[in-house]
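What follows is one structure encoded as structure tokens, with my remarks underneath.
Small disclaimer: the values here were computed from a predicted structure and weren't measured.
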Amino acid sequence: MPPPTPMLATAGQPPDNPGWAIEMKWDGARIIATIHNGTPRLYSRNQRDHTSAYPEIVGALTEQCRGRDMTIDGEIVAQLPSGAPSFGLLQQRLHIANPSTELVRTVPVQLFVFDVLAVDGEPTTALPYRERRELLDHLKLDTPPLHTPPYWHDMPARQLLQVSAEHGLEGIVSKRLDSAYTPGRSRAWIKTVLRHEVDAVVIGWLPGSGRVAGTFGSLLLAGRDETGDLVFIGAVGTGFTDAVRRSLRLHLDELAVSQAPVTGPIPRPVASLARWVTPRLVGTVEYREFTGGSLRHPSWRGLRVDKTVDGVEFPPR
């Protein structure tokens, strides 16, 4: 029997009314776990079986579920020594179907369980969020590497966003106290993500298709490393209006060159399609995280006419 399709949050600002609870947002990999006849199975958001990838979680579920059947929803997280989640660290475990004992030891993961969808064969998805959370607390899945994180319904969202930032978390998720668990994207869950900004050098672009075929698909970006060299840090394809795309394309055509103006490696799929430009344009990019390879979830904010290429720095890790 396939696992349930997970409920997904919609991006937005946290609602300012008392009918909502707030949880911290954990930057990891979504997991639906089913435990039947003492045997756990772990499924990704797209319903692929990842049971063998996380043996420490399977072992903990076998022990802590105490023989009860259940279906739970949560996030696989790898943590830095500070306790902050690190998606970059988690990448060392992603797509490894059968990790070695050494990898499990050096890159341990945790499962933060934030919802329960069934217990002892009885679905709980129709229950309101508040009742599901009370039921989840009673299951006592709280011995590492399993955690049942807290939730709040009597603290201002602004204060909890500040707490999230201070602890290096991704943001918060607001959940309507009376909401049922429904598959797919829902306005009953609102995610508010903390993001960072960096100034980056435009070093090229990738062709677009469809509506943006006449301008570009994404801009290629670089930052200056500790030696002062320009190094590729990723591509940004969102945050542009049609007018901005047309204006930028004029600049890109004027600055066209035949060779990549950076040192260091460039991913082959990018290099094979790239159109390079003289590194003269500087723009501000909003992003979620930089793991040393490329910016995660970047969005274009605009050109910096007040900043030169020499003033650009490398994104902090």
Sub-4.5 Å side-chain heavy-atom contact between [X] and [Y]:
X    : Y    : result
Q162 : R158 : no
E23  : R133 : yes
R296 : D27  : yes
T143 : E63  : no

Distance-only, no hydrogens or angles: does the [X] side chain make a donor-acceptor pair with backbone N or O of [Y] under 3.5 Å?
X    : Y    : answer
T148 : L141 : yes
R66  : Q64  : yes
Q13  : T192 : no
T278 : R280 : no
R176 : W189 : no
S52  : A97  : yes
T51  : L42  : yes
S209 : A213 : no
S164 : I172 : no

Scan residues 200-221 for pairs that pass ring pair (Phe, Tyr, Trp, His ring centres under 6.0 Å), counting only residues two or more places apart or in two chains.
->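 Sorted result for residues 200-221: F216-F240.
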Any salt bridge between [X] and [Y], counting N to O under 4.0 Å?
X    : Y    : value
R195 : E289 : no
R41  : D49  : yes
D142 : K140 : no
E56  : R93  : yes
E286 : R301 : yes

Qualifying salt bridge (Lys or Arg N to Asp or Glu O under 4.0 Å) pairs, either residue in residues 236-245, two or more places apart |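 Sorted result for residues 236-245: R211-D242.
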Linking Ile, Leu, Val, Met, Phe, Trp and Tyr by side-chain heavy atoms under 4.5 Å, what else ends up with Y43?
->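 Noted: Y43 shares its cluster with no other residue.
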Which hydrophobic side chains are connected to Y151, either touching it within the sub-4.5 Å cutoff or through other members that do?
->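 Y151 clusters with Y129, L177.
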Under 3.5 Å, which donor-acceptor pairs link side chains of residues 107-126 to any protein atom two or more places apart or in another chain?
{"from": "Q110", "atom 1": "OE1", "to": "H147", "atom 2": "NE2", "distance (Å)": "2.9"}
{"from": "D115", "atom 1": "OD1", "to": "R132", "atom 2": "NE", "distance (Å)": "2.7"}
{"from": "D115", "atom 1": "OD2", "to": "R132", "atom 2": "NH2", "distance (Å)": "3.0"}
{"from": "D120", "atom 1": "OD2", "to": "R68", "atom 2": "NE", "distance (Å)": "3.3"}
{"from": "D120", "atom 1": "OD2", "to": "R68", "atom 2": "NH2", "distance (Å)": "2.8"}
{"from": "T124", "atom 1": "OG1", "to": "V116", "atom 2": "O", "distance (Å)": "2.7"}
{"from": "T124", "atom 1": "OG1", "to": "L117", "atom 2": "O", "distance (Å)": "3.1"}
{"from": "T124", "atom 1": "OG1", "to": "A118", "atom 2": "N", "distance (Å)": "3.3"}

For the pair D310 and T308, evaluate side chain to side chain donor-acceptor pair (under 3.5 Å) and give the outcome as yes or no after the intermediate values.
-> CA-CA 5 Å; D310 292 339; T308 66; 4.8 Å; no
Contact summary for P279 and V201, nearest pair of heavy atoms |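 Closest approach of P279 to V201: CB-CG1, 3.6 Å.
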Show me the donor-acceptor pairs, under 3.5 Å and distance only, between side chains in residues 252-268 and residues at least two apart or in other chains.
{"from": "D253", "atom 1": "OD1", "to": "R249", "atom 2": "NE", "distance (Å)": "2.8"}
{"from": "D253", "atom 1": "OD2", "to": "R249", "atom 2": "NE", "distance (Å)": "3.3"}
{"from": "T263", "atom 1": "OG1", "to": "L230", "atom 2": "O", "distance (Å)": "3.4"}

